[in-house]
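Working notes for the structure below.
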Amino acid sequence: MDFQTWIAEIEAVVTFDIDAALWRKYFDAGLTPIEAIEQNRIDEEV
């Protein structure tokens with residue numbers, strides 16, 4: 001899956017606008033879109 005497809009899957013799930021540059025770290029880490037959403041939620045709580 002390429003980055004644009006990966007971002008599109010996240011945007012189809014979340015209700016907020018995402019900055020693709022900030023999410024690139026999750027993509028580079030090999031997370032699935034759902035894992036990335038969960039990891040972002042955890043990161044935001046810290």
Side-chain angles (χ1 to χ4, degrees):
M1 172 181 315
D2 71 357
F3 185 60
Q4 292 303 327
T5 303
W6 188 86
I7 287 292
E9 286 197 24
I10 291 173
E11 290 177 332
V13 174
V14 299
T15 58
F16 54 88
D17 290 331
I18 69 168
D19 179 350
L22 296 175
W23 285 70
R24 184 74 193 210
K25 63 185 175 190
Y26 304 126
F27 177 79
D28 290 343
L31 300 179
T32 67
I34 298 300
E35 290 169 337
I37 292 167
E38 179 62 17
Q39 188 61 52
N40 178 259
R41 186 187 63 78
I42 292 167
D43 291 349
E44 291 294 311
E45 289 178 356
V46 173

Contacts satisfying side-chain hydrogen bond (donor to acceptor under 3.5 Å, both in side chains) that involve residues 28-37 (not counting sequence neighbours) are R24-D28, T32-E35
Separation between CD (E44) and CD (Q39), nearest 0.5 Å, reads 11.0 Å
Is any side-chain N of the basic residue among R41 and E38 closer than 4.0 Å to the acidic one's carboxylate O?
yes
field: Connected via hydrophobic side-chain network under 4.5 Å: Y26 and M1
entry: yes
Across all chains, not counting sequence neighbours, the side-chain contact (heavy atoms from CB on, under 4.5 Å) partners of A20 are F3, I7
- Message: I'd like to know if V13 and W6 are part of one continuous hydrophobic network [Ile/Leu/Val/Met/Phe/Trp/Tyr, side-chain heavy atoms within less than 4.5 Å].
- Response: yes
If we only count heavy atoms from C-beta on, is the I10 to F27 side-chain gap below 4.5 Å?
-> no
_Could you see if I42 belongs to whatever hydrophobic cluster contains I34? Use Ile, Leu, Val, Met, Phe, Trp, Tyr and a side-chain cutoff under 4.5 Å._
no
Sorted by chain and residue number, the side-chain contact (heavy atoms from CB on, under 4.5 Å) partners of D17 (sequence neighbours excluded) come out as none
